[in-house]
Amino acid sequence: MVKAKGNSMTPKINDGDLVIARKAKDAENGSTVVCINDGEALIKKIQKGKEVILVSTNPSHEPFVAAKNFRIEGLVRGVYTYNV
């Protein structure tokens with residue numbers, strides 16, 4: 001379980017939500033994953049092709065090419081909305 005930070009995955013995942021992920025090293029195209037990209041932990045949708053593209057669900061965040069050291073840590077399986 002990880003705590004989301006930021007708004008790049010809204011409206012599906014919001015800042016402060018608890019994200020449940022199943023440990024995995026690979027994922028199918030279009031999956032939402034918890035990953036490490038250039039040393040930073042992220043939650044993104046992946047698009048596989050010649051390169052892996054990391055995509056936010058919030059359209060104000062542009063997709064970007066994953067770094068060479070990109071790795072998948074888990075597949076997102078659920079979101080617990082945390083309201084304070």
Side-chain angles (χ1 to χ4, degrees):
M1 189 177 300
V2 295
K3 188 174 186 177
K5 182 178 177 185
N7 69 351
S8 70
M9 295 303 287
T10 59
K12 184 178 176 181
I13 301 170
N14 298 295
D15 187 50
D17 286 352
L18 297 176
V19 177
I20 300 162
R22 181 175 53 87
K23 187 113 175 110
K25 300 254 182 224
D26 196 15
E28 292 185 21
N29 194 29
S31 297
T32 302
V33 299
V34 175
C35 60
I36 304 296
N37 188 66
D38 210 18
E40 183 179 10
L42 303 171
I43 300 168
K44 298 289 179 201
K45 290 187 89 146
I46 59 168
Q47 291 180 350
K48 291 180 172 181
K50 276 184 146 181
E51 301 173 304
V52 175
I53 307 295
L54 301 178
V55 181
S56 300
T57 54
N58 182 338
S60 69
H61 293 264
E62 293 290 325
F64 58 95
V65 176
K68 291 188 186 292
N69 64 355
F70 164 83
R71 71 180 185 273
I72 294 171
E73 292 292 324
L75 299 169
V76 172
R77 291 296 179 220
V79 178
Y80 177 75
T81 301
Y82 186 71
N83 294 324
V84 182

Output a table of donor-acceptor pairs, distance under 3.5 Å, between side-chain atoms of residues 35-45 and any protein atom two or more places apart or on a different chain; print 'none' if there are none.
residue: Asn37; atom: OD1; partner: Ala67; partner atom: N; Å: 2.7
residue: Lys44; atom: NZ; partner: Ser8; partner atom: OG; Å: 2.9
residue: Lys44; atom: NZ; partner: Ser56; partner atom: OG; Å: 2.8

With a cut-off of 3.5 Å and sequence neighbours excluded, list every side-chain donor-acceptor pair involving residues 24-31.
residue: Asp26; atom: OD1; partner: Lys48; partner atom: NZ; Å: 2.7
residue: Asn29; atom: OD1; partner: Lys48; partner atom: N; Å: 2.6
residue: Ser31; atom: OG; partner: Glu28; partner atom: N; Å: 3.4
residue: Ser31; atom: OG; partner: Glu28; partner atom: O; Å: 2.8

_Run Val19 and Met9 through side chain to side chain contact (heavy atoms under 4.5 Å, CB included) and show every step you take._
CA-CA 11 Å; Val19 177; Met9 295 303 287; over 6 Å; no
*asked:* Which residues end up grouped with Val65 if you chain together Ile, Leu, Val, Met, Phe, Trp and Tyr wherever their side-chain heavy atoms are less than 4.5 Å apart?
replied: Ile53, Val55
*Sequence-distant partners of Asn58, side chain to side chain contact (heavy atoms under 4.5 Å, CB included), two or more places apart*: Asn7, Thr10, Ser60, His61
*Would you check, one step at a time, whether the test side chain to side chain contact (heavy atoms under 4.5 Å, CB included) holds for Ile46 with Ile72?*
CA-CA 10 Å; Ile46 59 168; Ile72 294 171; 4.0 Å; yes
*Reported NZ-to-OG1 distance for the pair Lys12 and Thr81, which is rounded to 0.5 angstrom*: 12.0 Å
*Smallest separation among heavy atoms of Asp15 and Gly6, with atom names*: OD1-N, 2.7 Å
*Treating Ile, Leu, Val, Met, Phe, Trp and Tyr as nodes and any side-chain heavy-atom pair under 4.5 angstrom as an edge, say whether Val2 and Leu18 lie in one connected cluster.*
no
*Can you run down the salt bridge (charged side-chain N to carboxylate O under 4.0 Å, His left out) pairs that involve residues 59-81, sequence neighbours left out, and say none if there aren't any?*
Lys23-Glu73, Arg71-Glu73
*Might you point out which heavy atoms bring Val34 and Ala21 nearest each other, and give the distance in Å?*
CG2-CB, 3.9 Å
